[in-house]
> 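Before we start, here is the structure in question, set down as structure tokens.
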Amino acid sequence: VWDVGHQAYGHKLLTGRRDGFQTLRSRGGVAGFPKRSESPHDMFGVGHASTAISAAVGYAAARDARGEDHSVIAVVGDGALTGGLAFEGLNNAGQLQTDLTVILNDNKMSISPNVGAIAKYLTRITSGKHYNRLEADLWDLLGKLPKGSKAQVLAGRMKESLKQLVVPTILFEELGFKYFGPIDGHDLPVVIRTLEAVRRLKGPILIHLITSKGKGYRFAEEDGQRYHGVGKFDRHEGIKVVKPTVPSYTSVFGQSLCALAASDERIHGITAAMPAGTGLSQFKERHPRRFHDVGIAEGHAVTFAAGLACDGRRPVVAIYSTFLQRALDQIMHDVALQKLPVVFAVDRAGVVGEDGPTHHGVFDLTFLRMVPGMVVMAPRDEDQLRHMLATGLAREDGPSALRYPRGAGCGVPLEGDATPLPIGRAETLRRGDDVCVLAVGSMVQPSLAAARDLATAGIGVEVVDMRFVKPLDEDILRSVWERHRHVLTVEENSVRGGFGAAVLEWSAQQSGGGPRVELVGIPDRFQEHATRAELLAAIGLDADGLAERIRRCAEGSGRSQAQSAS
């Protein structure tokens with residue numbers, strides 16, 4: 001069982017997918033992560049870290065229940081050990097004392113360099129050279145002595161005493177695991193001998209391998225972050241760094257947070273092991289005392305932010321949409337219930353492309369919208385993102401969230417200081433009499449493009465940038481309901497429980513029939529991997545697809561009042 005996917009590429013090559021490996025992470029090709037539907041050799045589908053040990057314990061318990069005798073192995077990176085779920089699995093395995101092997105692939109990296117006490121603890125183990133040599137000698141001695149003899153028992157006790165002396169409080173053994181290592185993970189004969197030796201042992205075992213991220217490829221060895229997950233590139237020249245002509249939403253967020261923090265010392269930036277990915281690297285450099293990387297521990301990040309907010313600080317938690325799902329309980333009970341002013345910067349909202357269904361951020365509007373007291377915003381461009389960040393930070397009586405997509409912004413100028421917006425106020429961007437489109441976030445620009453195209457065909461499309469998914473602008477909705485017979489809600493989120501559902505909930509409480517409302521968004525199924533542009537086109541959320549939906553709506557098909565994309 002593999003923890004996260006990039007470790008498993010070698011596994012995929014060895015299990016029947018070598019010939020098609022050039023299609024990796026492309027539409028219809030090999031997935032970037034282990035996937036049960038792709039191969040019987042992929043034992044557990046993964047994408048979020050720290051799950052392998054728990055899944056492997058489940059496999060081991062199922063094996064034991066059937067009275068079988070095969071090995072169960074979990075391969076985890078040291079980055080996964082910054083997540084609490086990994087320790088929940090270790091704790092359960094130590095309690096069950098079932099046969100289970102955990103291989104710890106320790107390269108001191110997740111995407112960014114690992115942080116925290118566990119990373120320091122592993123470094124202490126790997127730096128204990130004298131102990132490592134003594135342990136190797138004793139391991140060899142134990143194998144030569146008669147099994148069960150007093151001499152073997154004495155040698156085993158010596159091993160434990162030396163371990164406690166040189167590396168105090170061995171965490172894994174206290175959790176019930178037999179610990180072996182650290183071992184050079186690139187020395188294949190040593191790794192194989194170790195695996196063969198521990199296979200005969202009973203109970204939970206942890207093998208600690210030391211590896212180098214990108215080993216054997218110079219470019220990857222020198223820049224583990226850039227080569228963590230890659231697209232196509234020239235292997236002889238490496239990835240060509242092209243400076244974008246238009247800044248990404250992520251970079252604009254990072255710059256804006258730095259600017260706001262310069263004038264407000266209460267602002268803190270929090271990330272879960274992704275300072276570069278969430279745009280907080282610059283914040284880390286400028287405000288190191290107010291920057292916090294908590295490791296792959298999203299739930300802790302949110303409750304940590306709640307603690308900061310309780311003491312008068314203004315925390316901003318920057319987490320990808322797909323990973324924020326792991327912290328819903330903490331958002332609900334630790335932040336919202338206490339009406340704490342925590343700001344959630346929800347990066348990679350919507351479809352994200354090649355990483356596929358484990359990483360698409362298409363549920364955040366649904367689960368954030370249901371949280372009492374939460375203000376939910378979605379900017380139509382990078383300039384509006386700045387103002388929405390300021391809006392969240394200006395709020396005193398509860399949490400706020402702003403969600404924005406992966407990739408480049410729209411190229412709009414960033415002028416003046418970021419200033420708060422009036423909460424719950426939408427903005428009409430284009431007038432039209434035939435159909436009204438209520439759009440949020442990344443769907444505003446393609447809706448405008450569709451409206452311009454349809455104008456040449458004599459179809460008048462009104463486009464409203466709702467800006468706020470919660471609270472809705474009820475005044476503008478009432479105006480639309482009075483003037484239009486056809487309304488489309490457009491969002492880059494699941495149509496189940498998202499923005500469109502919020503509009504329908506509001507509409508159901510109004511007197512009178514109201515317009516026919518069609519919900520356009522992500523269909524109620526998991527989306528596979530492809531480029532972001534390919535996915536949006538396939539779903540019908542690009543300008544052409546929206547123009548066709550609006551055209552059909554304008555022509556009128558006699559369909560029922562509430563419809564959704566399918």
> Lys470: what forms a salt bridge (charged side-chain N to carboxylate O under 4.0 Å, His left out) with it, not counting sequence neighbours?
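With sequence neighbours excluded, Lys470 shows a salt bridge (charged side-chain N to carboxylate O under 4.0 Å, His left out) to no residue whatsoever.
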
> Do you know the tightest heavy-atom contact between Gly356 and His529?
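Between these two residues, the closest heavy atoms are CA-CB, 3.6 Å.
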
> Hey, could you give me the NE2/CG distance between His484 and Leu438, rounded to the nearest 0.5 Å?
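So the gap between those two atoms works out to 9.0 Å.
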
> For the atom pair CZ (Arg25) and CZ (Phe33), what is the distance rounded to the nearest 0.5 Å?
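Those atoms lie 6.5 Å apart.
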
> Report the residues that fulfil salt bridge (charged side-chain N to carboxylate O under 4.0 Å, His left out) with Glu462, sequence neighbours left out, ordered by chain and then residue number.
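Glu462: salt bridge (charged side-chain N to carboxylate O under 4.0 Å, His left out) contacts with Arg431, Arg483.
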
> Under a 4.5 Å cut-off applied to non-hydrogen side-chain atoms, are Glu518 and Thr489 in contact?
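Not in contact.
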
> Hey, does the side chain of Arg348 reach the backbone of Gly277 with a donor-acceptor pair shorter than 3.5 angstrom?
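Here the side-chain-to-backbone pair exists.
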
> Which atoms form the tightest heavy-atom contact between Thr303 and Asp334, and what is the distance?
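That closest heavy-atom pairing would be OG1-OD2, 2.6 Å.
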
> Measuring from atom SG of Cys258 to atom CG of Leu280, what distance do you get when rounded to the nearest 0.5 angstrom?
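Here the rounded value is 8.0 Å.
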
> Under the criterion ring-ring contact (aromatic ring centres under 6.0 Å, His included), I'd like the reasoning laid out for His360 against Phe526: C-alpha separation, chi angles, the key distance, then a yes or no.
CA-CA 9 Å; His360 294 317; Phe526 290 108; 9.4 Å; no

> In terms of side-chain heavy atoms, does Thr366 have a donor or acceptor partner in Asn493 at a distance below 3.5 Å?
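Yes, because at least one side-chain N or O of Thr366 sits under 3.5 Å from a partner of the opposite role on Asn493.
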
> What's the spacing between His387 NE2 and Asp381 CG if we round to 0.5 Å?
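Going from the NE2 atom of His387 to the CG atom of Asp381 covers 8.5 Å.
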
> Give the minimum heavy-atom separation between Val469 and Leu365, together with the two atoms involved.
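Closest pair (atom of Val469, atom of Leu365, distance): CG2-CD2, 3.9 Å.
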
> Could you walk me through whether Arg386 and Glu415 satisfy the salt bridge (Lys or Arg N to Asp or Glu O under 4.0 Å) test, starting with their C-alpha distance in whole Å, then the side-chain angles of each, then the deciding distance to 0.1 Å, before giving a yes or no?
CA-CA 10 Å; Arg386 300 163 60 234; Glu415 298 175 349; over 6 Å; no

> Take Val464 and Val437, measure what side-chain contact (heavy atoms from CB on, under 4.5 Å) needs, and give me the verdict at the end.
CA-CA 6 Å; Val464 179; Val437 175; over 6 Å; no

> Identify the heavy atoms of Gly411 and Glu382 that sit nearest to each other, and give their distance.
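Smallest heavy-atom distance, with atoms named: N-OE2, 2.7 Å.
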
> Closest heavy-atom contact between Leu519 and Ala501?
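Closest approach of Leu519 to Ala501, heavy atoms only: CD1-N, 4.1 Å.
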
> Salt bridge check: are Glu354 and Arg27 linked by an N-O gap of less than 4.0 Å?
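Answer for the salt bridge query: no.
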
> Do Asp293 and Pro275 have side-chain heavy atoms sitting under 4.5 Å apart?
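In short, these two side chains touch, coming nearer than 4.5 Å.
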
> Please tell me if the side chains of Leu385 and Leu402 come closer than 4.5 Å, counting only heavy atoms from C-beta onward.
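Yes, their side chains come closer than 4.5 Å.
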
> Is a side-chain donor or acceptor of Glu534 paired with a backbone partner of Thr531 at a separation under 3.5 angstrom?
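Flag set: sc Glu534 to bb Thr531 pair under 3.5 Å.
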
> Minimum heavy-atom separation for Leu472 to Phe468, with atom names?
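So the minimum-distance heavy-atom pair works out to CD2-O, 3.8 Å.
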
> Is the count of non-hydrogen atoms from other residues, nucleotides or ligands lying under 6.0 Å from Asp329 atom CG greater than 12?
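Enclosed.
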
> Is the shortest distance from a Lys or Arg side-chain nitrogen in Glu38 or Lys12 to a carboxylate oxygen in the other one below 4.0 Å?
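So Glu38 pairs with Lys12 through a salt bridge.
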
> Do the ring planes of Tyr404 and Tyr249 sit parallel (below 30°), tilted (30 to 60°) or perpendicular (above 60°)?
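Plane angle under 30°, so parallel.
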
> Using a strict cut-off of less than 4.0 Å between a Lys/Arg side-chain nitrogen and an Asp/Glu carboxylate oxygen, indicate whether Arg36 and Asp42 qualify as a salt bridge.
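A salt bridge is absent here (no side-chain N lies under 4.0 Å from a carboxylate O).
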
> With a 4.5 Å cut-off on side-chain heavy atoms, are Phe304 and Val294 touching?
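Val294 reaches Phe304 side chain to side chain.
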
> Go through the structure and list residues passing side chain to side chain donor-acceptor pair (under 3.5 Å) with Thr322, not counting sequence neighbours.
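If we apply the side chain to side chain donor-acceptor pair (under 3.5 Å) test to Thr322, skipping adjacent residues, the hits are His48.
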
> Under a 3.5 Å threshold, yes or no: a donor from one side chain and an acceptor from the other, between Ser442 and Glu492?
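Result is yes, a qualifying pair exists.
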
> Assess, by modelled atom type and distance only, whether the side chains of Ser251 and Ser248 contain a donor and an acceptor separated by less than 3.5 Å.
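Yes, side-chain donor-acceptor contact under 3.5 Å.
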
> Do the side chain of Arg369 and the main chain of Phe499 share a donor and acceptor less than 3.5 angstrom apart?
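No.
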
> For the backbone of Ala80 and the side chain of Ser50, can you confirm whether one donor and one acceptor N or O come within less than 3.5 Å of each other?
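Yes, because the side chain of Ser50 sits within donor-acceptor range (under 3.5 Å) of the backbone of Ala80.
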
> Not counting sequence neighbours, which residues clear salt bridge (charged side-chain N to carboxylate O under 4.0 Å, His left out) with Arg266? List them please.
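Counting only residues at least two positions away or on another chain, Arg266 forms a salt bridge (charged side-chain N to carboxylate O under 4.0 Å, His left out) with Asp264.
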
> Report, as yes or no, whether the 6.0 Å neighbourhood of atom CZ on Arg485 holds more than 12 heavy atoms from other residues, nucleotides or ligands.
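Open: at most 12 neighbouring heavy atoms sit under 6.0 Å from CZ of Arg485.
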
> Regarding Thr250 and Asp347, is there a side-chain donor-to-acceptor distance under 3.5 Å anywhere?
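The answer is yes; a qualifying pair exists.
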
> Does a side-chain heavy-atom distance below 4.5 Å link Leu429 with Leu448?
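The answer is yes, as the side chains (C-beta and beyond) meet within the 4.5 Å cut-off.
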
> Salt-bridged, Lys35 to Glu528, with N to O below 4.0 Å?
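A salt bridge is present here (some side-chain N lies under 4.0 Å from a carboxylate O).
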
> Answer yes or no: is there a side-chain heavy-atom contact under 4.5 Å between Leu324 and Ser321?
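Contact flag for Leu324/Ser321 side chains = no.
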
> Roughly how far, to the nearest 0.5 Å, is CD1 of Ile522 from CD1 of Ile539?
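Ile539 CD1 to Ile522 CD1: 3.5 Å, rounded to 0.5 Å.
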
> Please answer whether the main-chain N or O of Val352 pairs with a side-chain N or O of Arg406 as donor and acceptor at a distance below 3.5 Å.
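A pair under 3.5 Å: yes.
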
> Side chain of Arg290, backbone of Ile267: donor and acceptor closer than 3.5 Å?
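Looks like yes, one N/O pair under 3.5 Å.
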
> Can a donor-acceptor pair be found between the side chains of Gln325 and Asp364 at a distance below 3.5 Å?
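No, because no side-chain N or O of Gln325 sits under 3.5 Å from a partner of the opposite role on Asp364.
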
> Take Glu265 and Arg289 through the salt bridge (Lys or Arg N to Asp or Glu O under 4.0 Å) test and state the conclusion after the steps.
CA-CA 10 Å; Glu265 61 86 29; Arg289 292 174 62 85; over 6 Å; no

> Strictly by side chain to side chain donor-acceptor pair (under 3.5 Å), give each pair with a member in residues 417-426 just once, sequence neighbours left out.
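Checked against side chain to side chain donor-acceptor pair (under 3.5 Å) - neighbours excluded - no pair reaches residues 417-426.
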
> Keeping the roles fixed (side chain from Ser494, backbone from Arg496), state whether a donor-acceptor pair exists under 3.5 Å.
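Such a contact is found between Ser494 side chain and Arg496 backbone.
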
> Less than 4.0 Å between a side-chain N and a carboxylate O, is that true for Lys339 and Asp397?
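So Asp397 does not pair with Lys339 through a salt bridge.
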
> Sort and list the pairs that fulfil ring-ring contact (aromatic ring centres under 6.0 Å, His included) and have at least one residue in residues 261-286, not counting sequence neighbours.
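For residues 261-286, and leaving out neighbouring residues, the ring-ring contact (aromatic ring centres under 6.0 Å, His included) pairs sorted by first residue read His268-His292, Phe283-His287.
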
> Yes or no on side-chain contact (heavy atoms from CB on, under 4.5 Å) for Arg551 and Ile459, after CA distance, side-chain angles and deciding distance?
CA-CA 8 Å; Arg551 185 192 305 276; Ile459 300 175; 4.1 Å; yes

> Can you confirm whether the side chains of His486 and Arg516 place a donor and an acceptor under 3.5 Å from each other?
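Yes, a side-chain donor-acceptor pair sits under 3.5 Å.
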
> In the structure I gave you, are the side-chain heavy atoms of Asp3 and Val46 within less than 4.5 Å of one another anywhere?
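No, too far: nothing below the 4.5 Å cut-off.
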
> Arg380 vs Met443, test: side-chain contact (heavy atoms from CB on, under 4.5 Å). Steps then yes/no.
CA-CA 7 Å; Arg380 67 173 178 260; Met443 290 295 99; over 6 Å; no

> Within the side chain of Ser507, is there an N or O that forms a donor-acceptor pair under 3.5 Å with the backbone of Val503?
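Checked: no pair found.
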
> Does Val246 reach the side chain of Cys410, with side-chain heavy atoms less than 4.5 Å apart?
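A side-chain contact is absent here, since even the closest heavy-atom pair is not under 4.5 Å.
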
> Between atom CG of Asp544 and atom CD of Glu548, what is the distance when rounded to the nearest 0.5 Å?
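So the gap between those two atoms works out to 9.5 Å.
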
